[in-house]
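Please read the structure below before turning to the comments.
In what follows, chains are A, B, ... by sequence order, proteins preceding strands, each numbered from 1. Values below: every heavy atom of this structure, side chains too, minus hydrogens, waters and symmetry copies.
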Amino acid sequence: MAKKYWLMKTEPDAFSWSDLKTAPGRTEMWDGVRNYQARNFMRDDMKPGDGVLFYHSRVNPPGIVGLASVTGKPYADPTQFDPDSKYYDPKSKTEDPRWWLVDIKAERDLTRPVSLPELKEIPGLEDMCVIQRGMRLSIQPVTAEEWKIIRRVGKPKAIG
DNA sequence: GCCAACGTTGGC
DNA sequence: GCCAACGTTGGC
């Protein structure tokens, strides 16, 4: 199975690139996704080693701030069973969990984060999901070509 | 199964 | 903070 590529959005006030980098093992579970399409990507399509563009939304400017990877297999999002969590879902059953997640690991910093306005200007990224108007999906597939272009622009470096 | 109302997302 | 776009809910 060929390696796939993804873009994953987060509001840095809630969970940021720096939060991921400082997590134990630079790894954290991607909890709180409550959208079926995004869930399906994690549950059915993501594989360990897949590349992840880590994207900050609702900041100025929004954009890609780091490179991460999928680690391990999908499992049930524990927050759905936690009444104290804002992601609690009373309709989800332990024996048939509704929400799934994967763990994400920080891999590389970007020498230059790639902002949304910039993404819109880069040749070859015209069809990228994240720049399309009204695109709210928090997890999006990225093509190998788009991944390559963004690496070229962002100049990944070791996490320091 | 339709679709209006509602809640959320996320750029600006 | 605004509000357009979108997804979900629930009455019928």
Could you state the atom-to-atom distance from CD of Glu11(A) to C1' of dT9(B) in whole Å? 8 Å
His56(A) atom NE2 is separated from dG11(B) atom C1', nearest whole Å, by 16 Å
Any idea which of dA5(C), dG11(B), dG10(C) is nearest the Ser57(A) side chain? dG11(B)
Run the salt-bridge test on Lys21(A) and Asp109(A) with the 4.0 Å N-O cut-off and return the result as yes or no. yes
Could you state the CG-C1' distance from Asn60(A) to dC2(C), rounded to the nearest angstrom? 15 Å
Specify the separation, in whole Å, of atom NZ of Lys9(A) and atom P of dG11(B). 6 Å
Whole angstroms only, please: what is the CE-C1' distance between Met135(A) and dG7(C)? 12 Å
Between Arg34(A) and Asp77(A), is the closest basic N to carboxylate O distance under 4.0 Å? yes
Arg112(A) with Glu118(A): basic N within carboxylate O range, under 4.0 Å: yes
Of dT8(C), dA5(C), dG11(B), the nucleotide closest to the side chain of Leu116(A) is dG11(B)
Find the distance Asp89(A):CG to dT8(B):P and express it as a whole number of Å. 14 Å
Taking OH from Tyr55(A) and C1' from dT9(B), how many angstroms apart are they, rounded to a whole number? 11 Å
Rounded to the nearest angstrom, tell me the gap between atom CD in Glu118(A) and atom C1' in dG11(B). 17 Å
